[in-house]
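Following: one structure in structure tokens, then a few remarks.
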Amino acid sequence: MTTGQQPQGSEAQIAVHWREEGYFYPPAKFIGQANAADPAIRDRFAEDKFPECFKEYADLLSWDSYWHTTLDTSNPPFWKWFVGGRLNASFNCVDRHLARAGNKAALIWVPEPETDDPQAITYRELYRRVNEFAALLRDFAQLKTGDRVTFHLPMVPELPVSMLACARLGVVHSEVFGGFSGGACGDRIADSGSRVLVTMDGYFRGGELVDHKAKADEAVATARELGAEVDKVLVWRRHPGRYASKSPMVEGRDFFVDEVLADFRGSLVEPVSLPAEAPLFLMYTSGTTARPKGCQHSTGGYLAYVAGTSKYYQDIHPEDTYWCMADIGWITGHSYIVYGPLALGTTSVLYEGAPNYPDAGRPWRIAERLGVTIFHTAPTAIRMLRKLGPAEPAKYDIHFKHMTTVGEPIEPDVWRWYHESVGKGDAVVVDTWWQTENGGFLGATLPALEPMKPGSCGPGVLGIYPVINDENGDVVAAGSGKAGNICIRNPWPGIFQTIWGQPERFVQIYYEKYCRNPDSTDWRDWPYFAGDGAVQAADGYFRILGRVDDVINVAGHRLGTKELESASITVEEIAEAAAVPVLDELRGRAVEMYVALKPGFTPSTDIEQKVAKAIETHIGKIARPMHVWIVADMPKTRSGKIMRRVIAAISNFQQVGDTTTLSNPEIVDDIRHHVQAEKVARGETPRELTPQEAEEIKSFGHAE
Ligand code: PRX
């Protein structure tokens with residue numbers, strides 16, 4: 001069966017054809033134990049129950065005082081949830097479990113070296129560590145409610161401990177993914193106005209003890225260039241008492257946390273009772289400009305939303321051993337390694353290292369040893385594990401009842417391997433679509449109630465009412481299979497509150513495009529623009545097609561083209577740069593850079609390498625381009641804008657389409673010959689793109 005219609009109308013309405021996949025149904029065993037097994041749950045979250053339906057999520061938390069207004073829409077789109085309520089996130093994730101589950105593991109940390117045993121940290125032990133570090137932050141670092149603190153921490157238990165210690169004080173944490181460069185960390189320190197940086201000396205990744213503290217020095221220097229002074233760098237040590245970095249400690253600025261903590265042994269810090277609206281953390285993400293956006297998440301709404309979705313969509317019960325193999329440096333880790341699972345009092349597994357270290361059987365050995373019941377990962381990891389060890393899962397005694405995927409579209413073929421080989425045909429698979437801005441899931445199937453369909457995330461989740469709009473603001477008929485921009489018609493508790501320090505951009509990027517009346521205080525006039533293309537099939541399931549803005553999703557990580565380009569032009573020889581996505585077997589998309597040189601310079605591999613290095617320095621290794629192509633000139637419109645879709649087509653061996661609007665059409669053939677000849681010489685032969693991949697490339701950078 002084919003869903004879709006012939007192209008017509010605006011570009012956003014171009015129909016996408018694909019083979020409709022069949023359904024898979026959850027096993028009876030799963031349904032029998034599921035948190036959401038009563039179909040009436042859909043009625044409880046029906047639109048006429050909005051916004052009160054979200055009381056069900058808020059009631060999963062312990063409130064110091066209950067709220068009086070579920071949703072305040074008086075200042076759109078700055079929605080306020082659970083107004084009047086007060087609570088503390090650290091209390092909700094730690095203290096309140098002590099009486100019932102003090103001796104149960106809250107976290108199980110798996111160090112990368114396989115010779116080191118996993119370490120269980122009970123709720124009581126977590127309570128002790130969080131209190132002591134909170135006391136240190138308050139009394140030694142002089143942090144108080146509302147201050148921001150930046151973390152640049154790897155996947156170690158000190159990360160959730162640091163987060164929960166901040167949450168206890170109402171200090172707003174801003175964790176920067178450990179793999180990001182010192183420069184990227186420094187940008188975020190300056191943007192958030194943090195004067196304290198929490199880092200670690202080193203960590204294991206791919207068999208190496210990485211020197212991480214060196215990045216802290218770069219971060220502080222970058223922040224200083226941007227006018228922000230860091231007065232304390234708190235350095236956790238991977239092996240307390242033993243310093244793993246070559247970078248010297250700076251007298252009066254850098255402190256070993258394990259040493260300072262000696263003064264805080266046994267300290268207890270009363271959790272600060274905070275308004276539901278108090279910011280809990282910032283999480284930076286990429287967008288259409290070079291400056292990353294600090295997404296500000298709330299305490300009450302966010303925590304309620306991640307607790308609710310963890311319960312119904314990940315089916316977490318307190319007795320589960322739950323493993324999300326993401327990094328806490330991303331929103332997935334914040335919501336679904338730390339806050340959601342711990343709010344529900346379950347055991348959450350944390351793995352330090354690379355999924356394929358020392359081989360592709362590692363995740364399955366961890367799962368077998370710990371008795372993991374719920375497994376959560378990204379398509380990029382699944383593709384890699386399948387490629388490196390398709391037969392590995394069968395060798396281990398693993399039994400997942402539930403598996404999730406997040407971060408990018410998953411190819412049906414990859415989905416089936418995940419279901420059959422990893423899940424042994426016996427686990428439900430939930431494909432969860434959402435974003436850094438959203439706090440928690442937006443599109444997914446209720447695992448016991450809605451069948452799975454490979455490649456589709458499913459319908460809007462409970463209390464989320466999506467719609468597809470075309471470029472003109474008209475609604476694309478529900479279930480028509482026509483592509484457009486997916487929007488959420490209503491606010492929800494997990495939505496971010498603003499972009500830190502840039503409220504105008506918050507309104508402009510997410511709400512302006514489809515706002516029906518800027519003077520209205522009715523939420524119905526303020527749909528949320530997600531920046532993703534999507535189609536909805538007749539059964540109501542959404543298939544996400546990818547970003548419609550200037551973002552490239554590499555291995556589930558968002559990279560802004562402008563960030564990549566501004567990093568490239570820091571290289572002296574570079575005059576202009578353009579970043580485009582290229583289809584990649586493992587990472588979904590990879591980055592290719594096109595650069596033009598300033599007059600007087602000649603192309604060389606040295607320059608290409610400088611560009612790649614600059615990107616690594618400014619952003620991090622994950623952003624390293626597959627290729628840097630030096631071109632004589634960029635294809636440009638008559639108004640001088642670079643036509644990224646033309647070079648994206650070349651990189652992906654697609655038709656370049658109409659080039660009559662270019663001021664320099666002759667350049668296109670030169671670039672194509674140069675790039676494609678070299679690709680073919682390197683064995684990078686083109687493969688046929690699916691219609692939706694072709695559509696993505698064709699419309700890349702269309703916003704210009
Ligand atoms: O394009 C969508 C894609 O990842 C983007 C969000 O990236 P980020 O903010 O880094 O958050 C990732 C984890 C929540 C989205 O705009 N995306 C995320 N999940 C899916 C997805 N695309 C398809 N299917 C998904 N399940």
Side-chain angles (χ1 to χ4, degrees), residues 179-181 184 206 286 354 356 378-381 383-384 387-388 407-409 411 414 546-547 550-571 573-574 576-597 603-631 634-635 642 644-654 656 671-690 693-694 696-698 700-701:
F180 272 151
S181 66
S286 301
N356 59 341
T380 187
R383 287 183 211 113
M384 179 186 71
K387 181 159 194 220
L388 299 178
E408 324 149 63
E411 301 77 3
V414 177
R547 303 290 310 182
D550 303 325
V551 166
I552 305 177
N553 188 332
V554 177
H557 302 145
R558 272 160 68 169
L559 300 174
T561 51
K562 294 281 191 308
E563 275 173 90
L564 293 156
E565 291 160 8
S566 55
S568 304
I569 59 173
T570 61
V571 175
E573 294 89 339
I574 305 302
E576 278 183 313
V580 296
V582 62
L583 274 291
D584 183 80
E585 192 195 346
L586 291 182
R587 292 173 291 175
R589 303 287 174 275
V591 173
E592 289 196 2
M593 291 304 307
Y594 284 75
V595 293
L597 305 184
S604 69
T605 47
D606 184 45
I607 297 176
E608 288 168 15
Q609 273 158 18
K610 276 198 205 167
V611 171
K613 185 78 202 145
I615 289 173
E616 246 183 79
T617 310
H618 285 267
I619 307 174
K621 278 212 171 68
I622 52 160
R624 201 184 161 84
M626 278 257 285
H627 290 291
V628 176
W629 304 112
I630 299 178
V631 294
M634 301 280 182
I642 300 174
R644 289 191 183 75
R645 68 164 179 80
V646 172
I647 45 184
I650 292 173
S651 276
N652 290 281
F653 292 92
Q654 296 297 292
V656 292
I671 299 178
R672 187 176 45 218
H673 289 139
H674 165 56
V675 168
Q676 295 185 347
E678 188 156 335
K679 279 182 174 244
V680 171
R682 292 187 198 197
E684 292 172 30
T685 40
R687 75 155 164 84
E688 209 185 314
L689 268 51
T690 66
E693 287 167 347
E696 178 194 326
I697 299 304
K698 203 164 99 194
F700 186 74

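- A heavy-atom distance below 4.5 Å is found between the side chains of I697 and L583.
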* To do: Please step through side chain to side chain contact (heavy atoms under 4.5 Å, CB included) for the pair E678 and E684, ending with a clear verdict.
  => CA-CA 9 Å; E678 188 156 335; E684 292 172 30; over 6 Å; no
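- The backbone N or O of G407 sits less than 3.5 Å from a side-chain atom of N553, completing a donor-acceptor pair.
- Side chain of D584 to backbone of L586: a donor-acceptor contact under 3.5 angstrom is found.
- Using a 30° and 60° split on the angle between ring planes, Y594 and W629 fall in the tilted class, from 30° to 60°.
- A donor atom on one side chain and an acceptor atom on the other are not found under 3.5 Å apart for H627 and E608.
- In this structure, the side chains of K698 and E693 stay at 4.5 Å or more apart for every pair of heavy atoms.
- Using a 4.5 Å heavy-atom threshold, the side chains of V595 and E576 count as separate.
- Taking a cutoff of 4.0 Å between a charged side-chain nitrogen and a carboxylate oxygen, E696 and R589 qualify as a salt bridge.
- Of the charged side-chain nitrogens involved, at least one lies within less than 4.0 Å of a carboxylate oxygen, so that E592 and K679 count as a salt-bridged pair.
- Using modelled atom types, no side-chain atom of Q654 and backbone atom of A648 make a donor-acceptor pair closer than 3.5 Å.
- Ionic pairing of R383 and E585 is not present here: no N-O contact between side-chain nitrogen and carboxylate oxygen is shorter than 4.0 angstrom.
- Taking 4.5 Å as the limit, every side-chain heavy atom of V551 sits out of range of all side-chain heavy atoms of T561.
- Counting heavy atoms from C-beta on, the side chains of E565 and R644 come closer than 4.5 Å.
- Nearest heavy atom pair, residue A623 against residue I615, reads O-CG2, 3.5 Å.
- H673 is linked by a ring pair (Phe, Tyr, Trp, His ring centres under 6.0 Å) to nothing, counting only residues two or more places apart in sequence or in another chain.
- The shortest heavy-atom contact between S181 and E616 is CB-O, 3.4 Å.
- For the pair I607 and L597, the minimum side-chain heavy-atom distance is below 4.5 Å.
- Between S604 and I630, the closest heavy-atom pair is O-CD1, 3.6 Å.
- With sequence neighbours excluded, no residue satisfies salt bridge (Lys or Arg N to Asp or Glu O under 4.0 Å) with E688.
- The shortest non-hydrogen separation linking A578 to I647 is CB-CD1, 3.7 Å.
- The closest donor-acceptor contact from the side chain of E408 to the backbone of A378 lies at 3.5 Å or more, if one exists at all.
- You'll find the side chain of P581 stays beyond 4.5 Å of the side chain of V591, heavy atoms only.
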